[in-house]
*Asks:* 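Following this message is one structure expressed as structure tokens.
No experiment lies behind these values; they were computed from the predicted model shown. In what follows, chains carry the letters A, B, and so on, assigned in the order in which the sequence lines appear, proteins first and then strands, with residues in each chain numbered from 1.
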Amino acid sequence: MTDEKTAVQGSASNAAAGLPAIDVYNTLSKKKEPFVTVRPGHVGMYLCGPTVYKPSHIGHMVGPVIFDTIKRYLEYSGWQVKWVVNITDVDDKIIAESASRGTTMAQLAAEMTADYLGNLAALGVESIDVMPKATEHIDTIITFIEELIAKGFAYASEGDVYFDVTKDADYGKLTNRSIESTQGEGGSTADRKRSAADFALWKRAKTGEPSWESPWGAGRPGWHIECSAMCRAILGPHFDIHGGGLDLVFPHHENEIAQSESLHDCPMATYWMHNGLMQAAGTPGKVGGRSRDAGASTVEDASAQAATKISKSTGAEPFRNLLQRHRAEVVRVLLLSTHYRSPIHFGEEPLGESSRAMEAFERLFVRYQRIGSSFYTLPCRNRREGDAAVAAAGEEATSLRAKFLAAMDDDFNTAIGIATLFDCVRVVNKFVDQHSIEKNAAPEALAQLHAMMLVIRELTGTLGLFLKEPPTGASGENEATVAKLMELVIEIRARARAAKDFPTADLVRTKLTEAGISLEDRAEGTQWVKK
RNA sequence: GGCUCCGUAGCCAAGUGGCUAAGGCAGCGGAUUGCAAAUCCGCCAUCGUCGGUUCGACUCCGACCGGAGCCUCCA
């Protein structure tokens, strides 16, 4: 398909179906392309999920949050999306880790999958439709390999099966790589392969390893084949979006393309989308990767990388530990504040900054609550409903919404989207100030305020933000006790203020601030907020 | 050595061949407040360096410097 043709047909067919024109950056072409789906109005999307051998860390959360946002935005805009994220539950690393823990591969995989799912839920990633596990698709995988052998693209070798890259005319097209320039897996498997760049589709079992029966003997699938096989089984031979971290482009996605397109004579996915990797703030190197000196080959390299290696030794903590210090919503804001293809600086500093930034939204929601309405129960309108209703929110809100949508239509630019939302917050606060809505609201002003809040609800909803009311801090009976106490303290301070005893009033406020509680004096009375 | 990508204010981070280079954090000044907090208003960058193309570049090209990812396993 040529770009020119696709562009014209794309915008035309989207418009005909009442869908907006969206551009998507495609790793395959290295440029933005108009978004045209295989089936009009429908999107098939696949994201490479985790290998479940250790608790997931922040790096594992990037892709899910980004593609969750993309799915939300596409559905908001009128597409129907089917999103698949696989779980790799058979792999060398799982086998090694389970052996060292004295448990089984299945048991370890189940535990780590639960950990992963818990983290996703905390982050509001709830829109995954299918989560296939490799071990539940062994038959699918074997069939796929048999077809590849039958077509001459793969060969069995002493119980292993390899993909023959020399048979694939355009091997390397995703990463602009030649067969000669790739080393492939070395070690003991090297002499069973015809070319170094050939990769395993099926690995024969060593004694004691988990294995499945196959036409080539007992063994297990290679790393890349499960994605090809499960993609076809669930989304068909040609679907729309295939995503993953930038570190997966080679060899994983290159090899998926080789497997699927050799067999099917059609593109595997129209758009290949890759998210940037996490980097520990202030230090070079991504979070959670292997140490960079693994491939050091020259003397100069070794000395240049020494500093890097030390800084990387911190590693990445399990995400669930991080959640004890930071709300998941803060993480989500941080991830979406950077364009998805850029690396993200991650650490306590950036998290703290995101947290402070995000509170501007929540303060507005609290303000809205004081005016008498709950933000969290407002309906998230879809794009058409929003188009029809936005005028009531006034000119500024209308143009900010248009800016937000234009940014998201342009390769899901959530960074501009969030920036625009900050503008919305300022516009609404100003509106509330100017119309003295907190004192005596005119019905028309109140109506416009609600319309504006509905716009913020609509747009933040597409990012998966502010969908749930934040936790209030203390819980249950404690909360009630604290509330009573605060009521008393505030009452005493109010009397001091009435008597112009400001030293006493200020003492109360200062001490509370030190204790992490800030007081806000307003016309209607004093409010307290736990920081 | 090969293949990608990046270098924008104190920090984080968008963006564009030519209108005032988004937004956030921090900071400063003002309105408001008993004083604060919150909110609002205002201030705070010439875009790594050096060349080139162009009427005009931060935006295109080249070189250089610095940083990141990939080239067996990694989200």
Side-chain angles (χ1 to χ4, degrees), chain A residues 27 30 47-51 56-64 66 91-93 172 175-178 180-187 189-190 196-197 199-200 223 243-252 254 274-279 281-282 284-290 292 294-295 297-298 308 316 333-334 337-339 341-345 349-350 352-360 363-364 366-367 403 407 410 413-423 425-426 429-434 438 497 500 502-503 505-506 509-510 513 518-523 526-529:
Chain A
T27 305
K30 295 186 183 63
L47 174 71
C48 287
T51 299
S56 43
H57 60 255
I58 179 64
H60 296 112
M61 301 295 120
V62 182
I66 285 165
D91 166 271
D92 291 344
K93 292 188 292 296
T175 49
N176 189 23
R177 222 170 279 248
S178 65
E180 304 76 57
S181 74
T182 70
Q183 288 303 302
E185 192 180 3
T189 65
F199 54 90
W223 176 34
L246 265 167
D247 53 349
L248 291 184
V249 183
F250 190 91
H252 188 51
E254 192 73 77
H274 293 96
N275 60 266
L277 306 179
M278 276 291 171
Q279 291 184 227
K286 65 180 177 177
V287 172
R290 64 180 149 164
R292 247 179 81 208
S297 51
T298 64
T308 304
V333 168
L334 178 56
S337 296
T338 303
H339 185 89
R341 277 187 281 119
S342 301
I344 301 171
H345 292 95
E349 269 302 306
E353 224 177 75
S354 281
S355 175
R356 286 189 290 279
M358 190 188 78
E359 281 159 17
R363 274 186 240 110
L364 174 64
V366 169
R367 194 175 195 190
K403 186 179 170 193
D410 183 13
N413 195 326
T414 55
I416 292 183
I418 287 183
T420 307
L421 290 170
F422 277 104
D423 288 331
V425 169
R426 184 170 37 74
N429 271 319
K430 194 171 169 179
F431 187 82
V432 172
D433 285 351
Q434 286 179 342
E438 283 169 298
R497 290 177 74 208
K500 305 267 188 228
F502 295 120
D506 290 346
R509 190 174 58 199
T510 307
T513 304
S518 70
L519 295 184
E520 302 177 2
D521 295 326
R522 300 175 193 291
T526 300
Q527 309 257 334
W528 64 279
V529 186

*Asks:* Quick one: Asn275(A) CG to rA75(B) P, roughly how many Å, whole number?
*Replies:*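 Between P of rA75(B) and CG of Asn275(A): 12 Å.
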
*Asks:* What nucleotide among rU39(B), rA22(B), rA75(B) has an atom nearest to a side-chain atom of Lys403(A)?
*Replies:* rA22(B)

*Asks:* Would you check if Asp521(A) and Arg497(A) make a side-chain contact, meaning some heavy-atom pair closer than 4.5 Å?
*Replies:* yes

*Asks:* Using purine N1 to pyrimidine N3 plus N6-O4 or O6-N4 for Watson-Crick, or N1-O2 and O6-N3 for G-U wobble, each under 3.5 Å, what pairs with rC64(B)?
*Replies:* rG48(B)

*Asks:* Kindly compute the distance separating OG1 (Thr420(A)) from NZ (Lys403(A)), expressed to the nearest 0.5 Å.
*Replies:* 4.5 Å

*Asks:* Is there a donor-acceptor contact under 3.5 Å from the side chain of Glu254(A) to the main chain of Thr175(A)?
*Replies:* yes

*Asks:* Would you say the side chain of His339(A) lies within less than 4.5 Å of the side chain of Asn413(A), judging by non-hydrogen atoms?
*Replies:*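 Yes, side chains in contact.
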
*Asks:* To the nearest angstrom, how far is Lys93(A) atom NZ from rU72(B) atom C1'?
*Replies:* 11 Å

*Asks:* Using the C1' atoms only, state how far rU8(B) lies from rA21(B), rounded to an integer number of Å.
*Replies:*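 Nearest-Å result for rA21(B) against rU8(B) at atom C1': 9 Å.
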
*Asks:* In this structure, which one of Asn275(A), Leu277(A), Val62(A) forms a side-chain contact (heavy atoms from CB on, under 4.5 Å) with Ile344(A)?
*Replies:*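 Answer to the side-chain contact (heavy atoms from CB on, under 4.5 Å) test with Ile344(A) among Asn275(A), Leu277(A), Val62(A): Val62(A).
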
*Asks:* Between Asp506(A) and Arg509(A), is there a side-chain N and carboxylate O pair less than 4.0 Å apart?
*Replies:*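 A salt bridge links Asp506(A) with Arg509(A).
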
*Asks:* When you match Arg363(A) and Gly49(A) each to their closest nucleotide on RNA chain B, which lands nearer the 5' end?
*Replies:*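 It is Arg363(A) whose nearest nucleotide is closer to the 5' end.
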
*Asks:* How would you summarise protein contacts on nucleotides 41-47 of chain B per nucleotide, using B for base, S for sugar-phosphate only and - for none, with heavy-atom distances below 4.0 Å?
*Replies:* S------

*Asks:* Taking atom C1' in both rC19(B) and rC5(B), what distance in whole Å separates the two?
*Replies:* 31 Å

*Asks:* Provide the distance between the two C1' atoms, one in rG7(B) and one in rU49(B), to the nearest whole Å.
*Replies:* 11 Å

*Asks:* If you look at every strand shown and take non-hydrogen atoms under 4.0 Å, does Thr51(A) touch a base, only sugar-phosphate, or nothing?
*Replies:*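 Answer is sugar-phosphate: Thr51(A) comes under 4.0 Å of backbone atoms only.
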
*Asks:* Determine the interatomic distance between P on rC60(B) and the same-named atom on rC6(B); round to the nearest Å.
*Replies:*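 Each nucleotide's P atom is 9 Å from the other's.
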
*Asks:* Rounded to the Å, how far apart are His252(A) NE2 and rG69(B) P?
*Replies:*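 Going from NE2 in His252(A) over to P in rG69(B) covers 20 Å.
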
*Asks:* Atom CD1 of Ile66(A) and atom CG of Leu47(A): how far apart are they, to the nearest 0.5 Å?
*Replies:* 9.5 Å

*Asks:* Rounded off to whole Å, could you give me the CG-to-P distance for the Leu277(A) and rG67(B) pair?
*Replies:* 18 Å

*Asks:* Rounded to the nearest angstrom, tell me the gap between atom CZ in Phe250(A) and atom P in rC70(B).
*Replies:*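 Nearest whole value for this atom pair: 13 Å.
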
*Asks:* Sugar-phosphate atoms are those with a prime plus P, OP1 and OP2; base atoms are the rest. Using that split, label each nucleotide of nucleotides 3-13 of chain B B, S or - for protein heavy atoms under 4.0 Å, 5' to 3'.
*Replies:* SS------BSS

*Asks:* Under the salt bridge (Lys or Arg N to Asp or Glu O under 4.0 Å) test, which residues partner Lys93(A), sequence neighbours left out?
*Replies:* Asp91(A)

*Asks:* Within this structure, what is the CD-to-P distance between Gln279(A) and rG69(B), rounded to whole angstrom?
*Replies:* 6 Å

*Asks:* May I have the distance from Phe422(A) (atom CZ) to rG24(B) (atom C1'), rounded to whole angstrom?
*Replies:*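 Whole-Å distance recorded here is 5 Å.
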
*Asks:* Hey, what do you get for CD1 (Ile418(A)) to CE (Met358(A)), rounding to the nearest 0.5 Å?
*Replies:*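 Here the interatomic distance stands at 11.0 Å.
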
*Asks:* Could you work out the separation of rG52(B) and rG67(B) based on their P atoms and round it to a whole Å?
*Replies:*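 Rounded to whole Å, the distance is 28 Å.
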
*Asks:* Taking the P atom of each, how far is rA75(B) from rC41(B), in whole Å?
*Replies:*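 Nearest-Å result for rA75(B) against rC41(B) at atom P: 45 Å.
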
*Asks:* Is there any protein nitrogen or oxygen under 3.5 Å from a nitrogen or oxygen in nucleotides 34-36 of chain B, and what are the pairs?
*Replies:*
residue: rG34(B); atom: N7; partner: Arg497(A); partner atom: NH2; Å: 3.4
residue: rG34(B); atom: O6; partner: Arg497(A); partner atom: NE; Å: 3.0
residue: rG34(B); atom: N1; partner: Asp506(A); partner atom: OD1; Å: 3.0
residue: rG34(B); atom: N2; partner: Asp506(A); partner atom: OD1; Å: 3.3
residue: rG34(B); atom: N2; partner: Asp506(A); partner atom: OD2; Å: 2.6
residue: rC35(B); atom: O2; partner: Arg509(A); partner atom: NH2; Å: 2.3
residue: rC35(B); atom: N3; partner: Arg509(A); partner atom: NH1; Å: 2.8
residue: rC35(B); atom: N3; partner: Arg509(A); partner atom: NH2; Å: 3.1
residue: rC35(B); atom: N4; partner: Asp521(A); partner atom: OD2; Å: 3.2
residue: rA36(B); atom: N6; partner: Asp521(A); partner atom: O; Å: 3.0
residue: rA36(B); atom: N1; partner: Asp521(A); partner atom: N; Å: 2.9
residue: rA36(B); atom: N3; partner: Arg509(A); partner atom: NH1; Å: 2.8

*Asks:* Between rU59(B) and rC47(B), how far apart are the P atoms? Round to whole Å, please.
*Replies:* 9 Å

*Asks:* In chain order, what residues pass the salt bridge (Lys or Arg N to Asp or Glu O under 4.0 Å) check against Glu438(A), with sequence neighbours excluded?
*Replies:*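 If we apply the salt bridge (Lys or Arg N to Asp or Glu O under 4.0 Å) test to Glu438(A), skipping adjacent residues, the hits are Arg367(A), Arg370(A).
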
*Asks:* For rC11(B) and rU32(B), measure between their P atoms and round to the nearest Å.
*Replies:* 35 Å

*Asks:* What nucleic acid atoms does Pro251(A) come within less than 4.0 Å of, heavy atoms only: base, sugar-phosphate, or nothing?
*Replies:* sugar-phosphate

*Asks:* Considering only rG23(B), rG15(B), rA75(B), which nucleotide approaches the side chain of Ile416(A) most closely?
*Replies:*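 Selected nucleotide (nearest to the side chain): rG15(B).
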
*Asks:* Mind checking who rG1(B) pairs with, Watson-Crick or G-U wobble, both distances under 3.5 Å?
*Replies:* rC71(B)

*Asks:* With respect to the phosphate group of rA14(B), does any side-chain polar atom (N or O) of Asn413(A) fall under 4.0 Å of OP1 or OP2?
*Replies:*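 Checking rA14(B) against Asn413(A), no side-chain N or O comes under 4.0 Å of OP1 or OP2.
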
*Asks:* What verdict does the side chain to side chain contact (heavy atoms under 4.5 Å, CB included) test give for Asn429(A) and Leu364(A), after you've listed the backbone C-alpha separation in whole Å, the side-chain angles of each residue and the deciding distance to 0.1 Å?
*Replies:* CA-CA 7 Å; Asn429(A) 271 319; Leu364(A) 174 64; 3.6 Å; yes

*Asks:* Just how far, in rounded Å, is P of rC25(B) from CD of Glu359(A)?
*Replies:* 10 Å

*Asks:* What's the separation between atom CD in Glu520(A) and atom CZ in Arg363(A), rounded to the nearest 0.5 Å?
*Replies:*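 CZ of Arg363(A) is found 8.0 Å from CD of Glu520(A).
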
*Asks:* When you match Arg367(A) and Asp410(A) each to their closest nucleotide on RNA chain B, which lands nearer the 5' end?
*Replies:*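 Nearer the 5' end of the strand: Asp410(A).
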
*Asks:* More than 12 foreign heavy atoms under 6.0 Å from NZ of Lys30(A): is that the case here?
*Replies:* yes

*Asks:* With a 3.5 Å limit on both atom pairs, tell me what rA31(B) is paired to, counting Watson-Crick and G-U wobble, or say none.
*Replies:* rU39(B)

*Asks:* For Arg426(A), what residues pass the side-chain hydrogen bond (donor to acceptor under 3.5 Å, both in side chains) criterion, not counting sequence neighbours?
*Replies:*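 For Arg426(A), the residues satisfying side-chain hydrogen bond (donor to acceptor under 3.5 Å, both in side chains) (neighbours in sequence not counted) are Asp423(A).
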
